[in-house]
Amino acid sequence: MTTDVRDILDLEQAPTPELTKEAILGTTADKQKKKLSLSQPAPKSSRRPEGMHREVFALLYTDSKDAPPLFQTDTGSGYKQMKAKLGMRKVRPWKWMPFTNPARKDGAIFHHWRRLADEGKEYPFAKFNKQVPIPNYTDSEYLQHLHSEFWTRSETDHLFDLCRRFDLRFGVVKDRWDTAKFPERTIEDLKERYYSICGSLTKARAGSGTPETKVFVFDADHERRRKEQLKRLYDRTPEQIEEEQSLLNELRKIEARKKERDKKTQDLQKLITAADSQTDPRKQEKKFPKKKLQHQTRPRIDTNALELAGIKFPDTKTTGVTVRSQRMKLPSSLGNKKTKVIEQLSQELGIELNPIPTEQVCQHYNELRSDMVLLHELKIALSTCEFELQTLRHQFEAFAPGKTLTIPSTLFGESQGGADSTSGLSKQKAGSTEIIDVVGSPGAPSNN
């Protein structure tokens, strides 16, 4: 129809294609595609329901758009099942063979499947049979070192026999203790007796040429107090817990009010210091802009700071069980400089930085570090005082040429020699009209 219309309207017609055999019969590739399309069924169209997210809809179907399984399968959704790769080699033979466990002393024989190549080898789980070495003692050692008025020889033998059987599980040892023959003992008594015997044997058997071995000491009194304290903690009634919580809340309020008062006191002290500095007459002496003198000043000594020097460790008042080593933790407001000073002094004195945190060690160690910081502050204050004495001496000699200010040795310690040499320099220059102002004191004549 298109060709006829173009012919009637006398329009240019498209060139007619040349008829060939391939155009009529088709190529081999087109035939194969046609066969494949005819052999495969048409894919089912699965539309995503309205309101369902695309990710959830993708989980319901596999790559081939199969329906989800009705029950759980091993292959998994979306994964191809791997085929088993069977080789041509022979499988390793297995045998039902007997075995014994070295951990058992009754010689029981068991059977299990095992490879034929492993026949005669040791039971593989025997390496996990770890036993605690329990020392043995002779009669002479017991009479010389282990005799006790509160323990008999039969009791001690029974204790060590139970320790060997149950690998130092003292809870089980206490449960298996023969109360028919021996008096009842607590776990702390059993541990104290066992470790005291081990320590005595270690000290007795250690020769002069052998290296020193560590001796374990069990503190039974401390363990009893610890358990008693835990028992009191766990036996608290709800009323006691509520009362303790209310007391802690009151303590927090008191500490907050104390901090607020301290802050107000510091602000008031700053205002007083600023008012004193404004009324200081020495600040108003310098009114001439032409005569500018350079002053070398050092910070004044704050007596209040020296009184509060040292380390103020925070009080750890919390409920429940706490770690005692927290008491030895330095406060964050101390500063890196003072922390390095403490470390340097501890190394010079041969003191460990982290000792064992017992009650006495915590108290004395904190006091020692506080004294170290106080000593450091006193050294800084002493150097400041010596510098101010030197400054006052130079100012006096600059105001009164030819005179020397004598400072007692009690105030000027070891720096007296340096002061004498400075006074000698001032005496030599007193005869001439030129006065060298070393410090640049106010009121001194200028060379300009």
Side-chain angles (χ1 to χ4, degrees), residues 214 216-219 221-223 225-230 232-233 244-273 297-388 413-414:
K214 190 173 183 180
F216 296 97
V217 179
F218 178 75
D219 193 353
D221 295 334
H222 178 270
E223 187 70 12
R225 292 194 301 269
R226 185 184 68 84
K227 288 187 177 180
E228 181 66 24
Q229 188 175 2
L230 285 177
R232 292 178 181 177
L233 182 65
E244 183 180 1
Q245 190 65 32
S246 63
L247 291 176
L248 288 175
N249 294 333
E250 291 294 331
L251 178 62
R252 294 191 189 97
K253 293 179 182 178
I254 293 172
E255 289 179 352
R257 289 195 294 266
K258 182 181 177 183
K259 288 181 180 179
E260 187 176 357
R261 286 197 303 268
D262 293 341
K263 186 177 180 181
K264 290 181 179 179
T265 305
Q266 291 178 1
D267 296 340
L268 182 60
Q269 187 68 29
K270 288 180 181 179
L271 292 175
I272 295 172
T273 306
T297 59
R298 289 288 295 270
R300 293 285 181 179
I301 303 170
D302 191 359
T303 56
N304 297 327
L306 287 179
E307 293 177 359
L308 300 175
I311 305 175
K312 185 178 180 182
F313 291 91
D315 297 333
T316 55
K317 296 180 181 179
T318 57
T319 58
V321 181
T322 57
V323 183
R324 194 183 291 114
S325 60
Q326 292 291 329
R327 301 181 188 176
M328 299 192 303
K329 187 177 180 182
L330 293 172
S332 58
S333 60
L334 186 61
N336 295 330
K337 186 176 181 180
K338 294 182 181 180
T339 305
K340 291 180 180 179
V341 170
I342 293 174
E343 293 178 358
Q344 184 178 0
L345 289 176
S346 300
Q347 291 177 0
E348 292 178 359
L349 297 175
I351 301 173
E352 296 182 4
L353 296 178
N354 295 316
I356 300 175
T358 60
E359 187 71 28
Q360 296 180 355
V361 169
C362 287
Q363 180 180 358
H364 294 302
Y365 188 57
N366 291 342
E367 292 177 358
L368 175 62
R369 291 186 293 178
S370 181
D371 293 340
M372 287 179 180
V373 174
L374 179 59
L375 176 61
H376 177 67
E377 296 291 339
L378 289 175
K379 285 182 179 180
I380 295 176
L382 178 60
S383 62
T384 306
C385 290
E386 291 180 354
F387 182 82
E388 290 183 355
E414 299 178 355

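Remember, predicted model here, so these are calculated numbers, not experimental data.
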Return a table of donor-acceptor pairs under 3.5 angstrom between the side chains of residues 354-364 and protein atoms on other chains or two or more places apart.
unit_1 : atom_1 : unit_2 : atom_2 : d
Thr358 : OG1    : Val361 : N      : 3.3
Glu359 : OE1    : Arg327 : NH1    : 3.2
Glu359 : OE2    : Arg327 : NH1    : 2.9

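Applying the salt bridge (charged side-chain N to carboxylate O under 4.0 Å, His left out) rule to Lys227 yields the partners Glu188; only residues at least two apart in sequence or on another chain are considered. Legend: residues meeting side chain to side chain contact (heavy atoms under 4.5 Å, CB included) with Leu345, ordered by chain and number and at least two apart, are Val341, Glu348, Met372.
When the options Glu223, His222, Gln229 are evaluated for a side chain to side chain contact (heavy atoms under 4.5 Å, CB included) with Arg225, the one that passes is His222. The side chain to side chain contact (heavy atoms under 4.5 Å, CB included) test with Ile342 singles out one residue from Leu368, Val373, Leu353, and that residue is Val373.
Distance check, rounded to the nearest 0.5 Å: CD of Glu377 to NZ of Lys338 gives 4.0 Å. One distance of note links CD of Gln344 with CD of Gln347; it measures 7.5 Å at 0.5 Å rounding. Rounding to the nearest 0.5 Å places CG of Leu271 at 9.5 Å from CD of Gln269. Rounded to the nearest 0.5 Å, atoms CG (Asp262) and NZ (Lys264) are 11.5 Å apart. The line from OG1 of Thr273 to NZ of Lys270 is 9.5 Å long, rounded to the nearest 0.5 Å. One finds the CD atom of Glu244 at 11.0 Å from the CG atom of Asn249 (value rounded to the nearest 0.5 Å).
Around the CZ atom of Arg257, the shell of radius 6.0 Å holds more than 12 heavy atoms that belong to other residues, nucleotides or ligands. Surrounding CG of Asn336 are at most 12 heavy atoms belonging to other residues, nucleotides or ligands under 6.0 Å away.
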Report task. Could you walk me through whether Leu230 and Arg226 pass side-chain contact (heavy atoms from CB on, under 4.5 Å), step by step? Result -> CA-CA 6 Å; Leu230 285 177; Arg226 185 184 68 84; 3.5 Å; yes
Query raised in the report: When you look at Asp371 and Leu375, which way does the side-chain contact (heavy atoms from CB on, under 4.5 Å) test go after all the steps?
Result: CA-CA 6 Å; Asp371 293 340; Leu375 176 61; over 6 Å; no
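At a threshold of 4.0 Å, the pair Lys259-Glu255 does not count as salt-bridged, since none of the basic side-chain nitrogens sits closer than that to a carboxylate oxygen.
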